[in-house]
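Just below is one structure, and these are the notes that go with it.
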Amino acid sequence: MAKNHYVSQFVIKRFSDAINIFDIHSGKIDESKRPHKVFYHNDIYEDETEKLFAHIKSRVANIIDQKILKHDTITLTRKELILLKRYMLICSIRTQTPDGFAKIIRGFETVSYTHLTLP
């Protein structure tokens with residue numbers, strides 16, 4: 001059984017080591033949940049889809065750690081900017097059905113950066 005986080009772990013960890021979760025069904029607050037135990041459902045996506053998205057997330061986390069959080073002035077290459085835009089788009093479409101999301105993310109991995117034209 002695989003955990004598929006619909007909020008990326010590298011985002012959650014930036015805000016807190018522990019998170020309080022309000023359960024709307026029980027009316028109780030579950031205190032001090034670890035980031036890896038929140039914002040996920042089991043087996044939403046196939047392993048292949050999750051691996052593709054994990055690859056993109058790790059590259060984005062690297063850019064955020066090395067280029068955005070460490071500097072007052074942010075300088076990104078065109079390739080890094082495209083990657084960040086893709087990541088934001090993927091996050092916005094993760095609400096699709098698992099099959100719909102899988103189809104979209106597979107298409108992102110097959111696009112070559114050399115074929116992109118920018119204004």
Side-chain angles (χ1 to χ4, degrees):
M1 187 177 300
K3 283 185 183 179
N4 301 129
H5 288 88
Y6 48 88
V7 176
S8 297
Q9 291 295 285
F10 77 87
V11 173
I12 297 168
K13 290 177 184 178
R14 300 244 185 285
F15 292 99
S16 180
D17 290 332
I19 299 169
N20 297 331
I21 301 292
F22 178 72
D23 185 335
I24 59 171
H25 301 292
S26 69
K28 296 180 181 180
I29 295 176
D30 192 356
E31 296 183 12
S32 300
K33 296 281 277 189
R34 305 302 301 161
H36 67 279
K37 294 190 176 207
V38 295
F39 306 120
Y40 76 91
H41 289 291
N42 290 319
D43 298 322
I44 300 174
Y45 310 112
E46 295 176 7
D47 289 341
E48 178 187 349
T49 302
E50 189 62 29
K51 284 179 188 175
L52 288 170
F53 191 51
H55 178 68
I56 292 170
K57 287 189 290 189
S58 68
R59 291 167 48 201
V60 168
N62 233 5
I63 292 170
I64 291 171
D65 286 339
Q66 301 302 314
K67 292 204 164 189
I68 296 174
L69 296 178
K70 287 188 176 181
H71 303 285
D72 291 333
T73 302
I74 300 169
T75 304
L76 300 172
T77 65
R78 188 173 286 191
K79 190 174 179 178
E80 291 167 335
L81 183 59
I82 290 169
L83 179 65
L84 289 173
K85 287 179 179 182
R86 283 182 173 193
Y87 172 76
M88 292 186 318
L89 179 61
I90 289 170
C91 287
S92 71
I93 61 171
R94 286 189 91 177
T95 58
Q96 300 286 322
T97 64
D99 290 337
F101 177 73
K103 182 178 177 181
I104 292 167
I105 195 169
R106 284 187 193 113
F108 282 146
E109 284 299 311
T110 59
V111 173
S112 170
Y113 289 108
T114 59
H115 298 338
L116 295 174
T117 55
L118 301 172

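What's counted below: heavy atoms across the whole structure, side chains too, no hydrogens, waters or symmetry copies. Since we're looking at a predicted model, the values are computed, not measured.
Each salt bridge (Lys or Arg N to Asp or Glu O under 4.0 Å) pair with one or both residues in residues 62-71, not counting sequence neighbours, appears once here: Arg14-Asp65, Lys67-Glu80.
One finds the NZ atom of Lys37 at 12.0 Å from the OG atom of Ser32 (value rounded to the nearest 0.5 Å). One distance of note links CZ of Arg86 with SG of Cys91; it measures 14.0 Å at 0.5 Å rounding. The CZ atom of Arg59 lies 10.0 Å from the CG atom of Asn62; values are rounded to the nearest 0.5 Å. Note: Phe53 CZ to Ser58 OG = 10.5 Å, rounded to the nearest 0.5 Å. Atom CD1 of Ile19 is separated from atom NZ of Lys33 by 10.0 Å, given to the nearest 0.5 angstrom. Atom OG1 of Thr75 sits about 12.0 Å away from atom CG of Leu81, to the nearest 0.5 Å.
In this view, Ile29 and Asn20, Phe22, Glu31 satisfy the side chain to side chain contact (heavy atoms under 4.5 Å, CB included) rule, not counting sequence neighbours.
Under the 4.5 Å side-chain criterion, counting only non-hydrogen atoms from C-beta, Leu76 is not in contact with Leu83. Asp23 has its side chain out of reach of Asp30: every pair of non-hydrogen atoms, C-beta onward, lies at least 4.5 Å apart.
Classification of the Tyr87-Phe10 ring pair by plane angle, with boundaries at 30° and 60°, yields tilted.
Under the 3.5 Å distance criterion, the side-chain polar atoms of His36 are left unmatched by any main-chain donor or acceptor of Lys3. When atom types are taken as modelled, the side chain of Ser26 and the backbone of Lys28 share a donor-acceptor pair closer than 3.5 angstrom.
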* Might you work through the side chain to side chain contact (heavy atoms under 4.5 Å, CB included) test for His55 and Leu52, ending with a clear yes or no? => CA-CA 5 Å; His55 178 68; Leu52 288 170; 5.8 Å; no
